[in-house]
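Structure, as structure tokens:
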Number of protein chains: 2
Amino acid sequence: MRPLGRLIPLAEAKTLVDANTRPIERTERVPLESVLHRVLAEEVHSIIDVPPYDRSAMDGYAVRAEDTFSAGKFQPVELDCVDVVNAGEVPKRVVSKGKCMQIATGAMIPKGADAVVMVENTERSRKKVQIFRSVPPWSNVSKKGEDIRKGTMVLRPGEVLTPSKVGVLAALGMTGAEVYSRPNVSIIPTGDEVAEIGTELRKGQVYDINSHTISSILNENGCVPILHEVVEDAVESLIGALQEVSDADMIVLSGGSSAGERDVLEGVVSKLGKVIFHGVQIKPGKPTIFGVIGETPMFGMPGYPTACLTNGYVFLVPTARRMARLPPKIDLVQTLPLAKKYAADLGRHQFLTVKIKDGEAHSVFKESGTITSIANADGWIEIPPNVDLIDKGTMVEVHLF
Amino acid sequence: MRPLGRLIPLAEAKTLVDANTRPIERTERVPLESVLHRVLAEEVHSIIDVPPYDRSAMDGYAVRAEDTFSAGKFQPVELDCVDVVNAGEVPKRVVSKGKCMQIATGAMIPKGADAVVMVENTERSRKKVQIFRSVPPWSNVSKKGEDIRKGTMVLRPGEVLTPSKVGVLAALGMTGAEVYSRPNVSIIPTGDEVAEIGTELRKGQVYDINSHTISSILNENGCVPILHEVVEDAVESLIGALQEVSDADMIVLSGGSSAGERDVLEGVVSKLGKVIFHGVQIKPGKPTIFGVIGETPMFGMPGYPTACLTNGYVFLVPTARRMARLPPKIDLVQTLPLAKKYAADLGRHQFLTVKIKDGEAHSVFKESGTITSIANADGWIEIPPNVDLIDKGTMVEVHLF
């Protein structure tokens, strides 16, 4: 048992993590119904014009615009209606001088016609249609390729496929798209006291919480969590487990709360790869380890549930998003008065979980070992390392979960 | 073909939708690995204490606090170390007067001991441990049930299972939870010009965009979209399709852009159920239909892609969330100057899609028939019905997608 050595500042730790993780290169083809929120890995060029034909934007009459030029509210022009064209149909006739064709929204503009008069501006009796308004050429017509021209690049690699971009793929008739794979993250719970959910607790054991909170935040941020069984805190077992998951894109060890266990882990990582840092000036989460094994970044998270999850938000969320090529998370922030004075630790950047009640931020932090310190929280406030006391009523920025 | 009759104001339309839709009652049991973001349907009472035993919060020595009372930096107290207790072990011995036991973080406090001295405040040589700091009783001990007391209600029906709440379920060893079912929403694309993705476009046809954008936003907001094949705009076909999906929690018809088609749909809904409104004072999306068939709410969305998706954000997102028992969506808003003057339509509440560029909001709205009017947008601004012109430079609130 030895205490942690030199702790590094939070900003330095983040820089080191960024320098040792990189956006995923692997791609895969997924069907259209599964592309939502995925990150596009290809240029999408339209192979068709959208719309694929000149089409009517209104219900009305397809006309030659010049035939309507003299029309007005009190001097209608009368045209002969030669046919009807419905949506999905190909017009069977041509519109020549003095003629018109009844047309539905979305239907093809017949040859000869170059504009549509809205039904509201017409009056019909049998084959005769009175036009009460003049229209310029291409009025109420969506021209072929007006929305998307054939050959245009419409979506670029790196774009997140939001609902409207899924709509663009659909407009082109694409049945799927090439997207970046979601990084696989192996989660290894460690600790001799940790029992798996679904087993009966023996004396001296607690249930594995961290695997489930960590896999939840990875899921929320573009990664695929892969849960490993609990591994005991022994050199050989840890080496075995780490080698087993060596093809993962990232490894997260989710337990090992004591200094002794962390020494074991630090030793194992040093042996298999390289420890980048061990110990950060933050609270909770001081004992966080980060290293690289082969090409694979590895986090050793603090074992205590609130410490583990807070550090998940601090380190894993931005890293997961960067690896998954998602844009940084947009933080929702509310500025509120602190309900009670709070004494902080000088020299450590603190993430204090708070609950919002009656327009004030109340600390709900009991200790890092509790899950309720975070489960009852609406968000957190950050206390910089050079602050040791925040007075009641001080305005604080609450970052919402 | 007839133009729409009386249009109702947006607020009235929203009130009518709320009055005719209700939160889902159906529940289902899902395993722990699938509970993230689901809505809890049961009270969760803890059947265990968390932690389940008094445990050490630090690496150090379990002591009787009173044995340390005279200890100080320059006058250590010396205790005999009788054993070691690691995490996951049951202590085999008792700590009596003048004794101590080496203990790891997370390990059970041995009988007799009532506090832990951190390793940093001790010095050891063989069996003798010098204690340089006095500790009060229960120092560095997490007491049994301190986090969650056995029998307490820890989660309530209606709570959304965020990562930290998933952690609470894990802490209790729960392998799953009873949650509200996600509402099933049947999406029926209609329109004779609409072709399914994966088929070849015939002349006069366009690909079905709306089913895919609508199913995306339903997916994002707690519902399960179920895609129906394209249905032609004929009374019998529409009746058949609506009867087929009568067990859905909601029905969305995603096409039918022309007034003629909408008359057909209005007639069909009147026959099978009741039309609540047809036509809203908004742009785009004027021809939106809302009705009820049996117990099932039904939306007839405008056929044009941008109109359909904008109306999806206006009507379907809040309705889907309410039905799924999710809290209202938190709108991300940026206040920016409008890049160019914009002439709006008096009498209609307009949703104008905009792109953010160089700190200004640029209109990207071409017309409702285009998908790029929304795919190139970062968000939208709302223009109230009594405004007909917004000057360049006016500060507008951009709601981000």
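Just so we're on the same page: letters track the sequence lines, and every chain starts at 1. What you see below is based on every heavy atom in this structure, not just the backbone, and it leaves out hydrogens, waters and symmetry mates. These figures come from a predicted structure and were not determined experimentally.
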Positions in residues 207-214 of chain B that reach chain A, provided some heavy atom is under 4.5 Å away: Tyr207(B), Asp208(B), Ile209(B), His212(B), Thr213(B)

Tyr313(B) to Pro163(A) - nearest heavy-atom pair and separation: OH-CG, 3.7 Å

Asn219(A) and His37(B), any side-chain heavy atoms less than 4.5 Å apart: no

Heavy-atom closest contact (Ala87(A) atom, Glu193(B) atom, distance): CB-OE1, 3.4 Å

Residue Glu159(A) versus chain B: region with a heavy atom under 4.5 Å: neither

Nearest non-hydrogen partners of Ala375(B) and Val168(A), listed with the distance: CB-CG2, 3.2 Å

Engaged part of Thr306(B) at the chain A interface, taking heavy atoms whose separation is under 4.5 Å: neither

Region of Ile374(B) in contact with chain A, defined by heavy-atom distances below 4.5 Å: both

Asp147(B) side chain to Ile371(A) backbone, donor-acceptor under 3.5 Å: yes

Ile48(B), part contacting chain A, at a heavy-atom distance under 4.5 Å: side chain

Residue part contacting chain A, namely of Phe401(B), when any heavy atom lies under 4.5 Å: neither

Glu232(B) portion near chain A, given a 4.5 angstrom heavy-atom threshold: neither

Test log, rule side chain to side chain contact (heavy atoms under 4.5 Å, CB included), inputs Arg55(B) and Val206(A): CA-CA 10 Å; Arg55(B) 79 176 165 194; Val206(A) 292; 3.5 Å; yes

Asp192(A) side chain reached by Glu89(B) side chain, heavy atoms, under 4.5 Å: no

Heavy-atom pair count under 4.5 Å with chain A, highest-scoring of Asn86(B), Leu332(B), Asn376(B): Leu332(B)

Ala170(A) to Ile197(B) - nearest heavy-atom pair and separation: O-CD1, 3.1 Å

Portion of Thr175(B) that has a non-hydrogen atom of chain A nearer than 4.5 angstrom: both

pair Val50(A)-Thr370(B): side-chain heavy atoms closer than 4.5 Å: no

Most contacts with chain A, counted as non-hydrogen pairs under 4.5 angstrom, among Lys165(B), Met58(B), Glu220(B), Met118(B): Glu220(B)

Chain B contact via Ser215(A) - which portion, at a heavy-atom distance below 4.5 Å: neither

Interface residue of largest heavy-atom contact number with chain B, from Met108(A), Glu196(A), Glu200(A), under 4.5 Å: Met108(A)

Lys111(A), NZ atom: more than 12 neighbouring heavy atoms under 6.0 Å: no

Neighbour count >12 (heavy atoms, 6.0 Å) for atom NZ, Lys203(A): no

Residue part contacting chain A, namely of Thr162(B), when any heavy atom lies under 4.5 Å: neither

Contacting moiety of Met174(A), where chain B heavy atoms sit under 4.5 Å: backbone

Between Val194(B), Leu36(B), Val35(B), the one whose heavy-atom pairs under 4.5 Å with chain A are most numerous: Leu36(B)

